[in-house]
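Since the structure is predicted, the reported quantities are computational estimates derived from the model, not experimental observations. Numbering of ligands and ligand atoms starts at 1, following listing order. Computed over heavy atoms, backbone and side chain alike; hydrogens, waters and symmetry mates excluded.
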Amino acid sequence: MPRSFIFPHLAQFAAAMAGRRTAAVSVLVVALGLSGMIVLTVDPAYVTSHRWVEAGLWTCVAFFAVEWLARLVRAKRARHGLAYALSGHGLADAVAALAVPLAMAGGVDSRSAWLFGVVWLFKLVPEVSGLRRLRRVLVLESGPLLSVLVLFLMLLVFASVALYALERNVQPAVFGSLPSTLWWAVVTLTTVGYGDVVPVTPLGRLVAAMVMVCGLGVFGLWTGILATGFATETRRDNFLKTWNSVSKVPFFASLGPAAIADVTHVLRTMDLPAHTMIVRKGQPGDCMYFIAAGEVEVDLPGKKVRLREGGFFGEMALLGNRERSANITTTQLSRLLVLDLVDFHVLMSRHPDLAETIEGEAKRRTLENS
Ligand code: CMP
């Protein structure tokens, strides 16, 4: 078959592969493959159905191979074939397609070779968005995390030397050398406590108690660092998401970057589906809204007014009326930026031109309604 025929078809397939649906299919194939691999490790199931299961597993391997080749062709056409091949994504695809066939070609028996299917798990990494955030947190917090690791290693060595000195004459079989005492130290410091090796001298037990407490402290530190890192990353992501929306609202476009950052800090993003009631007439007002995307409908006596991207509402209750003057509902999927009452007053005092625009519009609306 000529290359000119194969390549366009592979490229088309590659384009289709790019879609979300293909990602879901890929995840499904990985799940099926891993299930098959697990079934092969169960003796009775292997005896009765290994032919069928292996046929299914070969289908999974064929899928991974075609997916990898299609992505390679697509990347090559976009002139970044090598970049894809050497990227984490590309290597995961290659390993998923090649691991089992190479193991079999290398002489590993088929039942053991299928265990190499465990590498298919790597294909899930790009699909889990939380893992990307975890990687960012690990990179950003690597300094503090490494410091705690060093502390952990120092404690490990101190505990081993102390227990070796205190217990080696009483229990030479388990505390007779530093390497064997290290096993006890790791088990104790991680507070796993198998109980297979325990000190018997009073001083040894005292040291063991201190090591256990220190172990809890070290893991507490690691947990704290990771939790703070995650919280910071989540705040950063939310800030970027809100910044993106704020900078698209024409109302804020006249502000400089510093003022936009100022506004972004106090706005919350809210995504609402169509036909959601946002403001109810007669209720006390505690925030106002800017429309970053979508549309809302203001239900006024005798008429309905539609407000679109860049518009704002909910300001009248904050400017003295206290109670909402109309019902407001989304007409389509909309993204709103919410400004709470306290921040509203702070922002108005810091940006008089914004205050003027909002107050002017509120006056115009009041006149229109009366
Ligand atoms: P508020 O009274 O807080 O809640 C209802 C909101 O509807 C109100 O603030 C205004 O933002 C908005 N609104 C009231 N009248 C009009 C109008 N004539 N045109 C557009 N929006 C209005």
Open item on the list: If you measure every N or O of Lys303 against every N or O of ligand 1, does any of those distances drop under 3.5 Å?
Closed with: no
TODO: Considering only NZ, NE, NH1 and NH2 on the basic side and carboxylate oxygens on the acidic side, decide whether Glu361 and Arg365 come within less than 4.0 Å.
DONE: yes
TODO: State the CG-CD distance between Leu226 and Glu141, to the nearest 0.5 angstrom.
DONE: 7.5 Å
Open item on the list: As a quick check of understanding, evaluate side-chain contact (heavy atoms from CB on, under 4.5 Å) for Arg335 and Thr269, giving each step before the final call.
Closed with: CA-CA 7 Å; Arg335 170 165 288 184; Thr269 311; 3.6 Å; yes
Task: Which segment of Arg324 sits under 4.0 Å of ligand 1 when only heavy atoms are counted - done: both
- [ ] Run the numbers for me: atoms of ligand 1, each under 4.0 Å from some heavy atom of Glu368, listed by number.
- [x] 18 (N)
Open item on the list: Within ligand 1, which atoms have a heavy atom of Phe313 less than 4.0 Å away?
Closed with: 11 (O)
Task: Presence of salt bridge, Arg111 and Asp43, under 4.0 angstrom - done: yes
Open item on the list: Could you check whether Tyr46 and His50 have their ring centres less than 6.0 Å apart?
Closed with: yes
Task: Axial cation check for Tyr164 ring with Arg168, 6.0 Å and 45° limits - done: yes
TODO: Would you mind listing which atoms of ligand 1 come within a distance below 4.0 Å of any non-hydrogen atom of Leu300?
DONE: 15 (N), 16 (C), 17 (C), 18 (N)
Open item on the list: If the cut-off is 4.0 Å to any non-hydrogen atom of Ala326, which atoms of ligand 1 fall inside it?
Closed with: 5 (C)
TODO: Verify the ring-centre separation between Phe313 and Tyr289: is it less than 6.0 angstrom?
DONE: yes
Task: Closest to atom 1 (P) of ligand 1 (judged by heavy-atom distance), picking from Cys287, Ser370, Ala317 - done: Ala317
Open item on the list: Please list, in number order, the atoms of ligand 1 under 4.0 Å from a heavy atom of Val298.
Closed with: 7 (O), 13 (N), 21 (N), 22 (C)
TODO: Give the atoms of ligand 1, by number and element, whose distance to some non-hydrogen atom of Ser325 is under 4.0 Å.
DONE: 1 (P), 2 (O), 4 (O), 5 (C), 8 (C), 14 (C)
Task: side-chain contact (heavy atoms from CB on, under 4.5 Å) evaluation trace for Leu272 with Leu333 - done: CA-CA 6 Å; Leu272 294 174; Leu333 175 70; over 6 Å; no
TODO: Report the part of Glu315 (side chain from C-beta onward, or backbone N, CA, C, O) that has a heavy atom under 4.0 Å from ligand 1; answer both or neither where that applies.
DONE: both
TODO: May I ask you to list the atoms of ligand 1 that are less than 4.0 angstrom from any heavy atom of Ile328?
DONE: 5 (C), 6 (C), 7 (O)
- [ ] State whether the shortest distance between N or O atoms of Gly314 and N or O atoms of ligand 1 falls below 3.5 angstrom.
- [x] yes
TODO: May I ask you to decide if Glu233's main-chain N or O and Arg136's side chain share a donor-acceptor pair within less than 3.5 Å?
DONE: no
Task: Test item, Gly285 contacting ligand 1 (heavy atom, 4.0 angstrom) - done: no
